[in-house]
Engineer: 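I'd like to ask some things about the structure below.
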Amino acid sequence: MVTETHGQEISHLQAERLRKLNDLKAMGINPYPYNFKRSDLCAELQDKYKDLANEERTEDTVIVAGRVHNQRNDWMFIDLHDVSGRIQLFSDAKSRPEYLQNFLPLLDKGDIIGAKGKIRRTPRGELTIDIEEVTLLSKTLQPLPEIIEGKNRRLGITDVETRYRQRYIDLIVNPQSKENLKRRAILVREIRRFLDDQDFVEIETPILNTEAGGAAARPFITHHNALDMGLYLRIATELHLKRLAVGGFERVYEIGRIFRNEGISIKHNPEFTSIEVYWAYTDLYDMMELTENLIKHVCHKVTNGLVINYQGTEIDFSKPFRRVTMQDLVKEVTGKDLTGKALNEAFEQHCEATLIQPTFVYDYPVEISPLAKKHRDKEGFVERFELFIYGRETANAFSELTDPIDQKQRFLDQVQERVGGDDEAHVMDEDFVTALEYGLPPTSGMGLGIDRFAMILTDSASIRDVIAFPTMKKLN
RNA sequence: GCGCCUGUAGCUCAGCGGUAGAGCACUCGGCUUUUAACCGAUUGGUCGAAAGUUCAAAUCUUUCCAGGCGCACCA
């Protein structure tokens, strides 16, 4: 049977749910009520009664609420899931009250319900609530993918397009997807906690800017109507945070969304989240310490350990991270002693992919680092490091360039490159140079890709598995 | 942007010139303290879209749409 709702054809599965919805309404039941008070979460009950023996009953009445994931034997057994976990509900078809006999068959898998009853453990060892009352809290009109769990049964949906476009379905039926986002939330929380505990201050800087600076990347362009003015979405938070350091915020950071108008891949999403940290009166080597400690802290809090498995490869965060200069590394791998852009190219081509374990690569050529301070000893180099994990750049840091005259010249060099056809070269930021003229203390700065770090800590192959709603093409 | 691959029922997939299929889900009946419950019956499709070749197209060709992977770009 195919009928219609708001102009769209619907399947017989949806029609069946609509029929049940109407039957419920005819019974005087509001399928979308306003609130519900529960006494316990499922996981709390599982823990509280973990010592309850098989076949043992209690007189403890509890109230739970959640989504119906499965039912067996004409709603005799119901698997109910809430944010914490699951519990089984029981209602004997032979002895249940008439209203339940009429009401329960009008439910569907996926419906949100509340239930009240006494706790017991079945002969098979399943903690169960004997239903006394059931309340419909939200009727589902869409059929859900398979959500029955079992050893030989595949779970949920595997179609990645559906998973990304309709993440709510993915989250309902695929426990791993929910776990990834939970872990990401812990990761972000622990970064904040680690920095806040050391008196770093989080400050939000503009996303809309008249110029997109602080990185080499193509920006997104938008428009402000009232001002009739073109604006760019930020490609980095760097230049604003350093202005804050000029203003006296000696320890400052921002966790925020960055937008880069570039390709999409397994490790690139057009919008992604970075953290940038600026720490006055310190240099690159202090920042290396801070970064290593931050990563170890977060890894421990998220995974409960320091040795993790990523895509079948063990990654060990427990030992001191390797530290090697770009020149030494390139020489080690290729036997060549290079400088400048050639050094960086050789590094990217031959070395990056080999850096599986956490590795700080430092001392970068000045040509590719227009915001980093010149190396105190080595001509042609800057004080910069990048942290590589699983062959991927995960963090990037400098002894920040604080000399306004040098900074102006570096910007001018970038402008020349832009004129020469490099549309990703940095743009001139006169006000930033002016800020430096007011005095930026010696400062180290570090940026870290939250999404890529989250991939590592959730064992996700794709960046899209740690972004709730990744960028997708419009349909039709 | 380029190359390779994918798109069939709510979900997972088979079919690859000859009437559109399976398992699970849904619905109905049976049975009732299950653990993928079980037994039986039914229902369910513009085979991503359009055009072409053919007596005949899910299947072959072309174009388009969406997605995946790799390369390029990049963090």
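Keep in mind that what you see is a predicted model, and the values were worked out from it rather than measured.
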Engineer: Test for a donor-acceptor pair under 3.5 Å between the base of B/rC73 and the side chain of A/Asp423, counting only N and O atoms.
Structural biologist: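 Side chain to base: no pair below 3.5 Å.
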
Engineer: Under a plain distance cut-off of 3.5 Å, with no hydrogens placed, do A/Tyr99 and A/Gln101 share a side-chain donor-acceptor pair?
Structural biologist: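 A/Tyr99 and A/Gln101 do not have a side-chain donor-acceptor pair below 3.5 Å.
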
Engineer: In the structure shown, which nucleotide is the Watson-Crick or G-U wobble counterpart of B/rU61, with both distances under 3.5 Å?
Structural biologist: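 In the structure as shown, B/rU61 has B/rA51 as its Watson-Crick or wobble partner.
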
Engineer: What nucleic acid atoms does A/Glu393 come within less than 4.0 Å of, heavy atoms only: base, sugar-phosphate, or nothing?
Structural biologist: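 Since only primed, P, OP1 and OP2 atoms lie under 4.0 Å of A/Glu393, the category is sugar-phosphate.
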
Engineer: Have A/Tyr364 and A/Asn396 got a donor and an acceptor in their side chains that come within less than 3.5 Å?
Structural biologist: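 Short answer, no.
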
Engineer: Check every atom of B/rC11, B/rC73, B/rU34 against the side chain of A/Ile157 and return the nucleotide holding the closest atom.
Structural biologist: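 Nearest to the side-chain atoms of A/Ile157, counting from C-beta on, is B/rC11.
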
Engineer: Would you kindly give the CG-to-C1' distance between A/Leu106 and B/rC26, to the nearest whole Å?
Structural biologist: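 In whole Å, B/rC26 C1' and A/Leu106 CG are 15 Å from each other.
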
Engineer: Return whichever of A/Thr122 or A/Glu386 has its heavy-atom-nearest nucleotide of RNA chain B closer to the 5' end.
Structural biologist: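 Checking each residue's closest nucleotide, the 5'-ward one belongs to A/Thr122.
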
Engineer: Should the pair A/Arg167 and A/Phe469 be classed as cation-pi, given the thresholds of under 6.0 Å to the six-membered ring centre and 45° from the axis?
Structural biologist: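 A/Arg167 over A/Phe469 ring: no.
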
Engineer: Between P on B/rC71 and CD1 on A/Ile264, what's the gap in Å once rounded to a whole number?
Structural biologist: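 About 17 Å, once rounded to whole Å.
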
Engineer: On a whole-Å scale, what distance lies between the C1' atoms belonging to B/rU61 and B/rC16?
Structural biologist: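 Approximately 15 Å lies between the C1' atom of B/rU61 and that of B/rC16.
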
Engineer: Has the side chain of A/Gln88 got a donor or acceptor atom sitting under 3.5 Å from an opposite partner on the base of B/rU34?
Structural biologist: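 Yes, the side chain and the base share a sub-3.5 Å donor-acceptor pair.
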
Engineer: Establish, with yes or no, whether the OP1 or OP2 oxygen of B/rG67 is under 4.0 angstrom from a side-chain nitrogen or oxygen of A/Arg165.
Structural biologist: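 Indeed, a polar side-chain atom of A/Arg165 lies that close.
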
Engineer: Taking A/Gly85's backbone N and O only, do any of them form a donor-acceptor pair with A/Asp82's side chain (distance below 3.5 Å, no angle check)?
Structural biologist: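 Side chain of A/Asp82 to backbone of A/Gly85: a pair is present.
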
Engineer: Taking the minimum atom-to-atom distance to the side chain of A/Phe272, which one of B/rA37, B/rA66, B/rA75 wins?
Structural biologist: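 Comparing B/rA37, B/rA66, B/rA75 against the side chain of A/Phe272, the answer is B/rA75.
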
Engineer: Output yes when at least one side-chain N/O atom of A/Lys474 is less than 4.0 Å from OP1 or OP2 of B/rA66, else no.
Structural biologist: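 It does not, given that no N or O in the side chain of A/Lys474 lies less than 4.0 Å from OP1 or OP2 of B/rA66.
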
Engineer: For B/rA66, give the paired nucleotide (Watson-Crick: N1-N3 plus N6-O4 or O6-N4; G-U: N1-O2 and O6-N3; both under 3.5 Å), or none.
Structural biologist: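 Its partner is B/rU6.
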
Engineer: Has A/Lys109 got a side-chain N or O lying under 4.0 Å from the OP1 or OP2 atom of B/rC26?
Structural biologist: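 Yes, within the criterion.
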
Engineer: For A/Asp451 and A/Ser462, find the nucleotide of RNA chain B closest to each by heavy atoms; which residue's nucleotide sits nearer the 5' end?
Structural biologist: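 First, find each residue's nearest nucleotide; the 5'-ward one identifies A/Ser462.
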
Engineer: Can you tell me, in whole Å, how much space there is between the P of B/rA66 and that of B/rA56?
Structural biologist: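 Straight-line distance between the two P atoms is 32 Å.
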
Engineer: Between C1' on B/rG10 and CD1 on A/Ile172, what's the gap in Å once rounded to a whole number?
Structural biologist: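 To the nearest whole Å, that distance equals 13 Å.
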
Engineer: In terms of side-chain heavy atoms of A/Glu16, which of B/rG67, B/rU34, B/rC26 is nearest?
Structural biologist: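 Out of B/rG67, B/rU34, B/rC26, the nucleotide with an atom closest to A/Glu16's side chain is B/rC26.
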
Engineer: Measure the CG-CG distance between A/Asn261 and A/Asp423 for me, rounded to the nearest 0.5 Å.
Structural biologist: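 CG of A/Asp423 is found 10.5 Å from CG of A/Asn261.
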
Engineer: Measure from the side chain of A/Thr158, starting at C-beta and using heavy atoms only, and say which of B/rU33, B/rA75, B/rC13 lies closest.
Structural biologist: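 Nearest to the side chain of A/Thr158 among the choices is B/rC13.
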
Engineer: Keeping the roles fixed (side chain from A/Arg384, backbone from A/His375), state whether a donor-acceptor pair exists under 3.5 Å.
Structural biologist: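 Not a single qualifying donor-acceptor pair exists.
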
Engineer: Check the distance between B/rA75's C1' and A/Glu262's CD and give it to me in whole angstrom.
Structural biologist: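 From A/Glu262 CD to B/rA75 C1': 8 Å.
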
Engineer: Can you tell me how far C1' in B/rC64 sits from the matching atom in B/rC24, rounded to whole Å?
Structural biologist: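 Looking at atom C1' only, B/rC64 and B/rC24 are 34 Å apart.
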
Engineer: Using OP1 and OP2 only, check whether a side-chain N or O of A/Arg72 sits under 4.0 Å from B/rA37.
Structural biologist: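 Indeed, a polar side-chain atom of A/Arg72 lies that close.
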
Engineer: Need the pair for B/rC31. Rule: Watson-Crick or G-U wobble, both distances under 3.5 Å, any strand; none if unpaired.
Structural biologist: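 Paired with no nucleotide.
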
Engineer: Which whole number of Å gives the distance between the C1' atom of B/rG40 and that of B/rU46?
Structural biologist: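 Those two atoms are separated by 33 Å.
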
Engineer: Nearest-Å distance, CG (A/Asp159) to C1' (B/rA9)?
Structural biologist: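 Answer to the nearest Å: 14 Å.
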
Engineer: Does the ring of A/Phe77 lie flat against the base of B/rU33, closer than 5.5 Å centre to centre with planes under 30°?
Structural biologist: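 No; by the centre-distance and plane-angle rule, A/Phe77 does not count as stacking on B/rU33.
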
Engineer: Decide whether a cation-pi geometry holds between A/Arg120 and A/Phe90; the criteria are a distance under 6.0 Å from NZ or CZ to the six-membered ring centre and an angle within 45° of the ring axis.
Structural biologist: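 Flagged: A/Arg120 positioned over aromatic ring of A/Phe90.
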
Engineer: When all nucleic acid strands are considered with a 4.0 Å heavy-atom cut-off, which category describes A/Ile266: base, sugar-phosphate, or nothing?
Structural biologist: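 Sugar-phosphate contact only - A/Ile266 comes under 4.0 Å of backbone atoms but never of a base.
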
Engineer: Under a 3.5 Å cut-off for both contacts, is B/rC71 paired Watson-Crick or G-U wobble with anything, and if yes, with which nucleotide?
Structural biologist: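 By the stated definition (distances under 3.5 Å), B/rG1 pairs with B/rC71.
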
Engineer: Base, sugar-phosphate alone, or nothing: which one does A/Arg392 contact when heavy atoms must sit under 4.0 Å apart?
Structural biologist: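 Nothing, no heavy atom under 4.0 Å.
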
Engineer: Quantified in whole Å, what is the C1' atom distance between nucleotide B/rC31 and nucleotide B/rG18?
Structural biologist: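 These two C1' atoms come out 44 Å apart once rounded.
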
Engineer: Where the side chain of A/Tyr32 meets the backbone of A/Lys139, is there a donor-acceptor pair that is under 3.5 Å apart?
Structural biologist: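 Yes; judged by distance alone, with no hydrogens or angles, the pair exists.
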
Engineer: Would you mind reading off the distance between A/Gln71 atom CD and B/rC24 atom P, rounded to a whole angstrom?
Structural biologist: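 Atom CD in A/Gln71 sits about 15 Å away from atom P in B/rC24.
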
Engineer: What is the distance, rounded to the nearest whole Å, between atom CZ of A/Arg121 and atom C1' of B/rU35?
Structural biologist: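 One finds 14 Å between C1' of B/rU35 and CZ of A/Arg121, rounded.
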
Engineer: Could you tell me how far B/rA14 sits from B/rG21 if I compare only their C1' atoms? Round to whole Å.
Structural biologist: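 It comes out at 7 Å once rounded to the nearest Å.
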
Engineer: Which part of the nucleic acid, if any, lies within contact of A/Asn269, taking any heavy atom under 4.0 Å across all strands shown: a base, the sugar-phosphate backbone alone, or nothing?
Structural biologist: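 Base, at least one base heavy atom under 4.0 Å.
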
Engineer: Determine the Euclidean distance between corresponding C1' atoms of B/rG44 and B/rA49; express it in Å to zero decimal places.
Structural biologist: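 So the two C1' atoms sit 23 Å from each other.
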
Engineer: What's the closest nucleotide to the A/Phe90 side chain, out of B/rG67, B/rU33, B/rG10?
Structural biologist: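 Taking heavy atoms from C-beta onward, the closest nucleotide is B/rU33.
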
Engineer: On a plain distance test, is the side chain of A/Asp92 in donor-acceptor contact with the base of B/rU33 below 3.5 Å?
Structural biologist: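 Check fails, no donor-acceptor contact within cut-off.
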
Engineer: Can you measure A/Lys20 atom NZ to B/rG10 atom C1' for me and round it to whole angstrom units?
Structural biologist: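 Answer to the nearest Å: 13 Å.
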
Engineer: Nearest to the A/Pro123 side chain among B/rU33, B/rU35, B/rU32, which nucleotide is it?
Structural biologist: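 Per side-chain heavy atoms of A/Pro123, the pick is B/rU33.
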
Engineer: Heavy atoms under 4.0 Å, any strand shown: does A/Ala216 hit a base, just sugar-phosphate, or nothing?
Structural biologist: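 Sugar-phosphate, backbone atoms only, no base.
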
Engineer: Is any side-chain nitrogen or oxygen of A/Asn261 closer than 4.0 Å to OP1 or OP2 of B/rC73?
Structural biologist: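 The answer is no; no side-chain N or O of A/Asn261 sits under 4.0 Å from OP1 or OP2.
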
Engineer: Is there a donor in the side chain of A/Ser444 and an acceptor in the side chain of A/Asp286, or the other way round, less than 3.5 Å apart?
Structural biologist: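 Looking only at side-chain atoms, A/Asp286 and A/Ser444 do not form any donor-acceptor pair under 3.5 Å.
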
Engineer: Taking atom P in both B/rC28 and B/rA58, compute the distance separating them and give it to the nearest angstrom.
Structural biologist: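 B/rC28 and B/rA58 have their P atoms separated by 34 Å.
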
